[in-house]
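As structure tokens, the structure follows; a few thoughts come after it.
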Amino acid sequence: MATDLYNTLMNLQCELVAERNLVNPQQISWLQYDILNILQTHASRPTVMSRQLGITQVKLSKNLKKLRELNYITQTPDAHDRREITTAITPQGRQFMTDIAMKHQELYNKACKVWSKEEQQQFIVQANKLIELLRKERIANGQ
């Protein structure tokens with residue numbers, strides 16, 4: 001039997017995914033988003049990124065291929081070690097991330113309109129408890 005909490009969590013998840021899809025026409029995955037997020041601050045080598053993301057280099061390579069096809073990243077031989085490849089975000093990739101950030105800001109603005117400061121603080125505390133649990137379980141399961 002579905003409870004109010006269950007229904008609310010499912011509806012919130014669906015709405016957040018729908019909002020994300022509005023600015024993600026290429027349907028990049030969460031992992032691909034995380035890769036772009038890393039590359040926004042600095043170019044990186046695949047070996048470093050796979051460690052940062054906790055994934056195999058094979059899995060990373062498949063995701064980098066998709067991002068190259070979308071022209072969101074470029075890859076060039078590393079200046080210090082020609083056996084390595086340096087991956088960098090392109091202007092098109094930066095624009096995509098800017099569009100996502102604008103959507104995040106819109107969501108934040110909407111939350112500020114519907115919740116008082118006290119309600120916002122309560123939401124932060126409760127959501128972070130759930131986020132921490134989900135993250136710990138995912139990492140423990142190697143996902």
Side-chain angles (χ1 to χ4, degrees), residues 1-80 84-143:
M1 175 166 145
T3 65
D4 289 344
L5 176 60
Y6 178 90
N7 288 331
T8 299
L9 287 170
M10 294 311 105
N11 287 333
L12 178 60
Q13 182 180 31
C14 288
E15 288 303 319
L16 291 174
V17 169
E19 289 291 319
R20 181 178 185 270
N21 287 338
L22 292 174
V23 290
N24 186 14
Q26 302 297 336
Q27 297 295 307
I28 72 162
S29 69
W30 288 109
L31 176 56
Q32 292 160 352
Y33 172 85
D34 290 343
I35 292 166
L36 291 174
N37 197 43
I38 288 171
L39 295 174
Q40 281 189 113
T41 55
H42 56 81
S44 187
R45 295 187 318 223
T47 52
V48 173
M49 283 190 291
S50 66
R51 279 195 306 268
Q52 282 179 292
L53 295 165
I55 60 172
T56 65
Q57 287 195 20
V58 171
K59 187 172 186 174
L60 178 66
S61 180
K62 288 178 184 178
N63 285 277
L64 291 174
K65 181 180 180 204
K66 168 77 172 175
L67 293 172
R68 268 194 323 271
E69 289 169 358
L70 294 170
N71 195 33
Y72 286 173
I73 64 166
T74 59
Q75 292 187 296
T76 55
D78 187 82
H80 304 291
E84 283 279 358
I85 294 173
T86 298
T87 305
I89 193 167
T90 64
Q92 189 170 339
R94 284 196 189 283
Q95 184 59 54
F96 172 79
M97 295 301 283
T98 297
D99 293 345
I100 295 286
M102 287 174 39
K103 194 60 165 169
H104 289 166
Q105 184 65 45
E106 287 176 27
L107 181 60
Y108 169 78
N109 292 341
K110 289 175 185 176
C112 288
K113 284 182 184 177
V114 299
W115 289 325
S116 68
K117 290 285 184 192
E118 183 179 316
E119 289 170 326
Q120 291 172 37
Q121 196 57 42
Q122 290 170 355
F123 178 80
I124 291 166
V125 169
Q126 299 307 318
N128 281 331
K129 283 181 185 179
L130 182 57
I131 291 166
E132 184 178 341
L133 172 69
L134 295 172
R135 186 173 291 139
K136 281 181 181 177
E137 287 180 355
R138 186 180 63 254
I139 290 170
N141 292 328
Q143 297 173 339

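When all heavy atoms of Pro46 and Ile85 are compared, the pair lying nearest together is CD-O, 3.0 Å. Taking all atoms of both residues into account, the shortest heavy-atom contact from Cys112 to Gln120 is CA-NE2, 3.7 Å.
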Indicate every side-chain donor-acceptor pair of residues 10-24 with a distance under 3.5 Å to a residue at least two apart or in another chain.
residue: Asn11; atom: ND2; partner: Asn7; partner atom: O; Å: 3.2
residue: Glu19; atom: OE1; partner: Lys103; partner atom: NZ; Å: 3.0
residue: Arg20; atom: NH1; partner: Ile28; partner atom: O; Å: 3.4
residue: Arg20; atom: NH2; partner: Ile28; partner atom: O; Å: 3.1
residue: Asn21; atom: ND2; partner: Val17; partner atom: O; Å: 3.4
residue: Asn24; atom: OD1; partner: Gln27; partner atom: N; Å: 3.2
residue: Asn24; atom: OD1; partner: Ile28; partner atom: N; Å: 3.0
residue: Asn24; atom: ND2; partner: Ile28; partner atom: O; Å: 3.0

Could you give the side-chain donor-acceptor pairs of residues 60-68 under 3.5 Å, partners two or more places apart or in another chain?
residue: Asn63; atom: OD1; partner: Gln32; partner atom: NE2; Å: 3.1
residue: Asn63; atom: ND2; partner: Lys59; partner atom: O; Å: 2.8
residue: Arg68; atom: NH1; partner: Gln75; partner atom: OE1; Å: 2.3

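A distance of 11.0 Å separates CD1 in Ile89 from CD1 in Ile35, rounded to the nearest 0.5 Å. Separating the CZ atom in Arg45 from the CD atom in Gln57 is a distance of 10.5 Å, to the nearest 0.5 Å. Here the CD-CD1 distance, from Gln92 to Ile73, works out to 12.0 Å after rounding to the nearest 0.5 Å. Distance check, rounded to the nearest 0.5 Å: CD of Gln105 to NZ of Lys110 gives 12.0 Å. Of the inter-residue distances, the one linking Glu118 atom CD with Gln122 atom CD reads 5.0 Å to the nearest 0.5 angstrom. How far CD of Gln52 is from CD1 of Ile38: 4.0 Å, rounded to the nearest 0.5 Å.
The ring pair (Phe, Tyr, Trp, His ring centres under 6.0 Å) search around Tyr33 returns none, not counting sequence neighbours. Partners of Asp34 under the side chain to side chain contact (heavy atoms under 4.5 Å, CB included) rule, at least two apart in sequence or in another chain, are Leu53. When the side chain to side chain contact (heavy atoms under 4.5 Å, CB included) test is applied to Lys113, no partner is found at least two apart in sequence or on another chain. For Glu132, the side-chain hydrogen bond (donor to acceptor under 3.5 Å, both in side chains) partners are Lys136, not counting sequence neighbours.
Counted within 6.0 Å of NE2 on His80, heavy atoms from surrounding residues, nucleotides or ligands total 12 or fewer; the atom is thus considered open. Within 6.0 Å of CG in Asn109 there are more than 12 heavy atoms belonging to other residues, nucleotides or ligands.
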- Query: Can you list the steps and then say if Gln40 with Asn37 is a side chain to side chain donor-acceptor pair (under 3.5 Å)?
  - Reply: CA-CA 5 Å; Gln40 281 189 113; Asn37 197 43; 3.1 Å; yes

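Looking at heavy atoms from C-beta onward, Gln26 lies in side-chain contact with Tyr72 at the 4.5 angstrom threshold. Two residues are said to be in side-chain contact when any heavy atoms from C-beta on lie closer than 4.5 Å; Ile131 and Asn128 meet this criterion.
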